Amino acid sequence: MSKYDYDLFVIGAGSGGVRAGRMAAQLGKRVAVAEESRPGGTCVVRGCVPKKFMVYGADYGTAIREAVGYGWTVENAKFDWPKLRDAIQSEVSRLSGIYATILEKNGADLIQERAEFVDKHTVRLTKSGREVTAETILIAVGGRPWMPEMKGSEHAIMSDDAFLLDEMPERILIIGGGYIASEFAGIFAGFGVKTVQAYRGTRLLNGFDPEVRDAVNEVQSNNKIDLRFGVSPTEIKKSKGGYIVTFDDGTKIGTDLVFMATGRKPHTSGLGLENAGVEVDKNGAIIVDEYSRTRQDNIFAVGDVTNRMNLTPVAIREGMAFIETRFKDNPIAYDHSDIASAVFTRPPVGVVGLTEPEARREFGEEMTVYTTKFRPMKNVLAGDPQRCFMKLITEGKNERVVGIHIVGDDSAEIIQALGICVKAGLTKADFDRTCAVHPTLAEEIVTLKPREENKTTVVSKG
Ligand code: NDP
């Protein structure tokens, strides 16, 4: 009989923690999962899921407007934010309940309390004061929104708040040029809110392929988002009926709501990591090896708290690899390369593999870039000038495909399948001998020409 209360104690019932907890319980391990908030974590409760519903909501607005071009007469269309908000929250509650049930059904104890380390095998549950011991501890506490210190920052909201607004503002100012800022700018603009997105750089989505970044700038502008580049806020002041935000170049913007989307940080403060000898880096991220093991042999960490690749499916895969490593005597170092992902701007961005600068660094001149830009067929009758951008990067004489980047309708769906191709190491010749599906937007990916030969602005495609 083990001298510990549990074989595995998981701190955090988000995507990674719940997957690992459930799998360990299925192996017959005695498992507890502690959660201070609602089960489901960032993705289910205040991230991917409610955000995607808001994207759908905004897309309906666009579809209603554009339906006129397809012969529809749409009268008295109105948007009711509280109705959408409450519907989303009700679905979030249902999903959160499913997360709790999954654990319980598999025999894991869900402890709805915050847990903090006492030592490397012991956690204290802060509400009840109870101390619990475990042979193995998995930290899966995720991250939380962060904003820089600034005069008046208490007036700003962050992404957690955006799902629960009492009412839609008439005007919003979103600070940041990353995932969250760009996605929410698209959402609010889609709801008819006068949206300004202010970013300290010159192209949105730092870290993405430069041409994708240009295309996303166009997407935001096409959605009537007022983009301001090269500025950082220095002060937020309450004014009659709203706020005035001052920027470092002296400009001022009046708005009804200020949304700081300036990044997320690992949620490690106050966790008592020092009591357990678990080390963090300068951003507060837990330092782990390729098996997600911390500096302590019995303590592991997965998901956003490790700040490797902050995506839900990655946290889940890291959690699964942890189970293999720790409980199945099958060490697995999860491979973080070629992971397809999407940014849900409107239309979205879908990417997998290397950007052009990354490929150039790795392969020098031994690479070829294929691109196209065209107005999708659907947009023609809709009267939408938005164009779709596609880029494919190959390396070597064999032309192995090492990167695909799409900005356009359904790109988040398309890139999932293309991720398989890149992961499988397929070549441009494999793409070329694949027959097109016509008329679709995705068919362009099997007929791409090198960028140099490409005259852009191709005719409409489905
Ligand atoms: P990001 O890191 O993507 O963006 C943060 C933005 O804030 C950047 O534009 C950054 O500028 C800017 N910024 C940072 N500090 C300051 C400052 N002091 N003053 C002004 N601007 C500042 O973070 P997000 O919060 O948007 O997203 C966090 C992570 O969550 C993402 O990296 C992603 O992994 C995940 N996520 C994934 C989604 C998806 O898969 N669709 C959706 C949402 C989040 P700069 O670029 O110059 O550094």
Side-chain angles (χ1 to χ4, degrees), residues 2-22 24-25 29-43 45-46 99-100 103 108-147 149 158 160 263-289 291-308 310 315 318-319 322-323 325-327:
S2 164
K3 60 179 177 166
Y4 300 108
D5 298 325
Y6 291 100
D7 299 316
L8 172 65
F9 194 95
V10 182
I11 310 179
S15 303
V18 167
R19 177 61 61 92
R22 165 169 73 80
K29 303 292 172 193
R30 296 165 311 140
V31 177
V33 181
E35 172 57 59
E36 63 180 332
S37 171
R38 287 194 281 171
T42 303
C43 175
V45 179
R46 55 192 88 81
Y99 268 63
L103 288 173
D109 293 340
L110 174 62
I111 301 173
Q112 303 245 339
E113 283 191 61
R114 180 175 169 79
E116 293 173 0
F117 280 94
V118 175
D119 61 41
K120 64 183 275 198
H121 286 289
T122 313
V123 295
R124 180 180 300 113
L125 302 168
T126 56
K127 202 158 55 173
S128 60
R130 192 158 66 95
E131 289 194 0
V132 177
T133 60
E135 184 166 9
T136 302
I137 299 179
L138 177 67
I139 307 167
V141 297
R144 57 181 164 174
W146 169 89
M147 67 167 113
E149 274 176 31
M158 294 200 283
D160 288 2
R264 296 175 60 85
K265 289 257 153 92
H267 195 9
T268 45
S269 65
L271 208 53
L273 294 173
E274 60 289 352
N275 301 332
V278 171
E279 285 184 50
V280 296
D281 68 14
K282 61 178 183 348
N283 293 317
I286 293 178
I287 298 169
V288 288
D289 67 11
Y291 299 105
S292 298
R293 192 189 300 266
T294 68
R295 294 279 153 89
Q296 292 297 339
D297 219 39
N298 71 308
I299 303 178
F300 293 71
V302 296
D304 290 7
V305 76
T306 62
N307 198 22
R308 285 174 284 184
N310 300 332
E318 289 169 355
F322 152 74
I323 293 293
T325 303
R326 185 65 173 170
F327 295 115

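Keep in mind that what you see is a predicted model, and the values were worked out from it rather than measured.
Side-chain atoms of Arg326 and Ser292 include no donor-acceptor pair closer than 3.5 Å.
Taking each heavy atom of Gly303 and Ala315 in turn, the nearest pair found is CA-CB, 3.6 Å. Across every non-hydrogen atom of Val10 and Gly17, the tightest pair is CG1-CA, 3.6 Å. Considering all non-hydrogen atoms of both residues, Ala20 and Leu8 come closest at O-CD2, 4.3 Å. Pairing each heavy atom of Pro39 with each of Leu110, the nearest pair is CG-CD2, 3.9 Å. The minimum heavy-atom distance between Gly143 and Asp304, with the atom names listed, is N-CB, 3.8 Å. Across Ala285 and Asn307, no two heavy atoms sit closer than the pair CB-CB, 3.6 Å.
The closest donor-acceptor contact from the side chain of Thr268 to the backbone of Gly284 lies under 3.5 Å. Listed for the Arg295 side chain is no donor-acceptor partner under 3.5 Å among the backbone atoms of Gly277. Remark: side-chain polar atoms of Asp281 are paired, donor with acceptor, to backbone N or O of Asn283 under 3.5 angstrom. Asp5 contributes no side-chain N or O that, together with a main-chain N or O of Val132, makes up a donor-acceptor pair within less than 3.5 Å. At distances below 3.5 Å, at least one donor-acceptor pair connects side-chain atoms of Asn298 with backbone N or O atoms of Lys120. A donor-acceptor pair is defined here as one N or O able to donate and one able to accept, closer than 3.5 Å; no such pair exists between the side chain of Arg46 and the backbone of Arg144. In terms of modelled atom types and a separation under 3.5 Å, the side chain of Glu113 and the main chain of Lys127 share a donor-acceptor contact.
Here Arg19 contributes atom CZ and Phe322 contributes atom CZ; the two are 14.0 Å apart, rounded to the nearest 0.5 Å. Between the CG atom of Leu103 and the CZ atom of Arg22 there is a distance of 9.0 Å, given to the nearest 0.5 Å. Rounded to the nearest 0.5 Å, atoms CZ (Phe9) and CD1 (Ile299) are 12.0 Å apart. For the atom pair CD1 (Ile111) and CD (Glu36), the distance works out to 13.5 Å, reported to the nearest 0.5 Å. The OG1 atom of Thr122 lies 10.0 Å from the CG atom of Asn275; values are rounded to the nearest 0.5 Å. Taking OG1 from Thr306 and CZ from Phe300, the interatomic distance works out to 13.5 Å, rounded to the nearest 0.5 Å.
The only option from Thr133, Asp109, Thr136, Ile137 that meets the side-chain contact (heavy atoms from CB on, under 4.5 Å) definition with Tyr6 turns out to be Asp109. When each of Val123, Leu271, Ile11, Val141 is paired with Arg114, the side-chain contact (heavy atoms from CB on, under 4.5 Å) condition holds for Leu271 and for no other.
Every residue was checked against the side-chain hydrogen bond (donor to acceptor under 3.5 Å, both in side chains) condition with Tyr99, not counting sequence neighbours, and none meets it. A search for side-chain contact (heavy atoms from CB on, under 4.5 Å) contacts involving Asp289 returns Tyr291, Arg293, not counting sequence neighbours. Applying the side-chain hydrogen bond (donor to acceptor under 3.5 Å, both in side chains) rule to Glu131 yields the partners Arg124; only residues at least two apart in sequence or on another chain are considered.
Leu273 places a side-chain heavy atom less than 4.5 Å from the side chain of Ile139. By the 4.5 Å heavy-atom criterion applied to side chains, Arg264 and Thr42 are counted as neighbours.
For the pair Arg308 and Glu318, the salt-bridge criterion is met [side-chain N within less than 4.0 Å of a carboxylate O].
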